[in-house]
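The structure appears right after this line, and notes come after that.
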Amino acid sequence: MQTYTSTLTSASVERTFNVADYTDAVIRVSGIWNGNIEFYATNTGTTYTALAVQDLDSTAFTTGVTSEAGASPSVDTQTFRANVAGLTTLVVTSAGGFSGSADIVVTAVSNTNAR
């Protein structure tokens, strides 16, 4: 298990997290922000694609989403799960027009003997 933390505080900023050799990631986003936070991943290091994540705080947690809208002016905490098996990097980015602050905690875990 590996835990990473970071914060998004302006638009068009990306935070990268090493998920090589892990099978799953739990992404917790907490803060007050306007705009979208988006999820991407790569297995090549150069080509990033949108990553569908499961919203674990929703009643329909099996539905995948690729972005999360902010909840300003109140504090919002969302928890997501992503399958990252075979990927090397998970990216959480703030879209254009983002404002506020969102704390990101990514916990990468493996259900195999890789880690």
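Small disclaimer: the values here were computed from a predicted structure and weren't measured.
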| message | Could you tell me if the side chain of V26 sits less than 4.5 Å from the side chain of V109, heavy atoms only? | response | no
| task | Evaluate side chain to side chain contact (heavy atoms under 4.5 Å, CB included) for M1 paired with T107, printing each intermediate quantity in order. | result | CA-CA 7 Å; M1 181 172 73; T107 303; 3.6 Å; yes
| query | Do F98 and N36 come close enough that some side-chain heavy atom pair is under 4.5 Å? | reply | no
| request: Spell out, as yes or no, whether a donor-acceptor pair under 3.5 Å connects the side chain of S99 to the backbone of S10. | output: no
| task | List the atom of G97, the atom of A11, and the distance in Å for their closest heavy-atom pair. | result | N-CB, 3.7 Å
| request: Work out which heavy atom in A69 is nearest to a heavy atom in W33; give both atom names and the distance. | output: C-NE1, 3.8 Å
| request: Please name the pair of heavy atoms, one in A50 and one in T66, separated by the smallest distance, quoted to 0.1 Å. | output: CB-CG2, 3.9 Å
| Side-chain (T42) to main-chain (T47) donor-acceptor, under 3.5 angstrom | yes
| Do L90 and L51 have side-chain heavy atoms sitting under 4.5 Å apart? | yes
| query | Can you find a heavy atom in the side chain of T3 that is under 4.5 Å from one in the side chain of V105? | reply | yes
| Just by distance, do the side chain of T89 and the backbone of A41 share a donor-acceptor pair under 3.5 Å? | no
| field | Q78 side chain near D55 side chain, heavy-atom distance below 4.5 Å | value | yes
| note | In this structure, OG1 of T79 is separated from CD1 of I27 (nearest 0.5 Å) by 10.0 Å
| Heavy-atom side-chain proximity of R15 to T93 below 4.5 angstrom | no
| So, does T9 use its side chain to make a donor-acceptor pair with the main chain of S101 at under 3.5 Å? | no
| query | Between the side chains of E38 and Y40, is a donor N or O closer than 3.5 angstrom to an acceptor N or O? | reply | yes
| Mind checking what makes side-chain hydrogen bond (donor to acceptor under 3.5 Å, both in side chains) contact with D103, not counting sequence neighbours? | T7
| Aromatic plane relationship, F17 with Y4 - under 30° parallel, 30 to 60° tilted, over 60° perpendicular | tilted
| request: Show your reasoning for whether side chain to side chain contact (heavy atoms under 4.5 Å, CB included) applies to I104 and L8. | output: CA-CA 8 Å; I104 311 296; L8 298 171; 4.1 Å; yes
| Within a strict 4.5 Å, meaning less than it, do heavy atoms of the D24 and R81 side chains meet? | yes
| message | Test side chain to side chain contact (heavy atoms under 4.5 Å, CB included) on I32 and D76; report intermediate values, then the result. | response | CA-CA 6 Å; I32 300 173; D76 187 22; over 6 Å; no
| task | Let me see the working for L56 and F80 under side chain to side chain contact (heavy atoms under 4.5 Å, CB included), right down to the final yes or no. | result | CA-CA 5 Å; L56 298 180; F80 304 94; 5.9 Å; no
| task | Determine, using the 4.5 Å side-chain heavy-atom cutoff (strictly less than), whether Y48 and V65 are members of one ILVMFWY cluster. | result | no
| said: Tell me whether V13 shares a hydrophobic cluster with V91, the cluster being built from Ile, Leu, Val, Met, Phe, Trp, Tyr side chains joined at under 4.5 Å. | reply: no
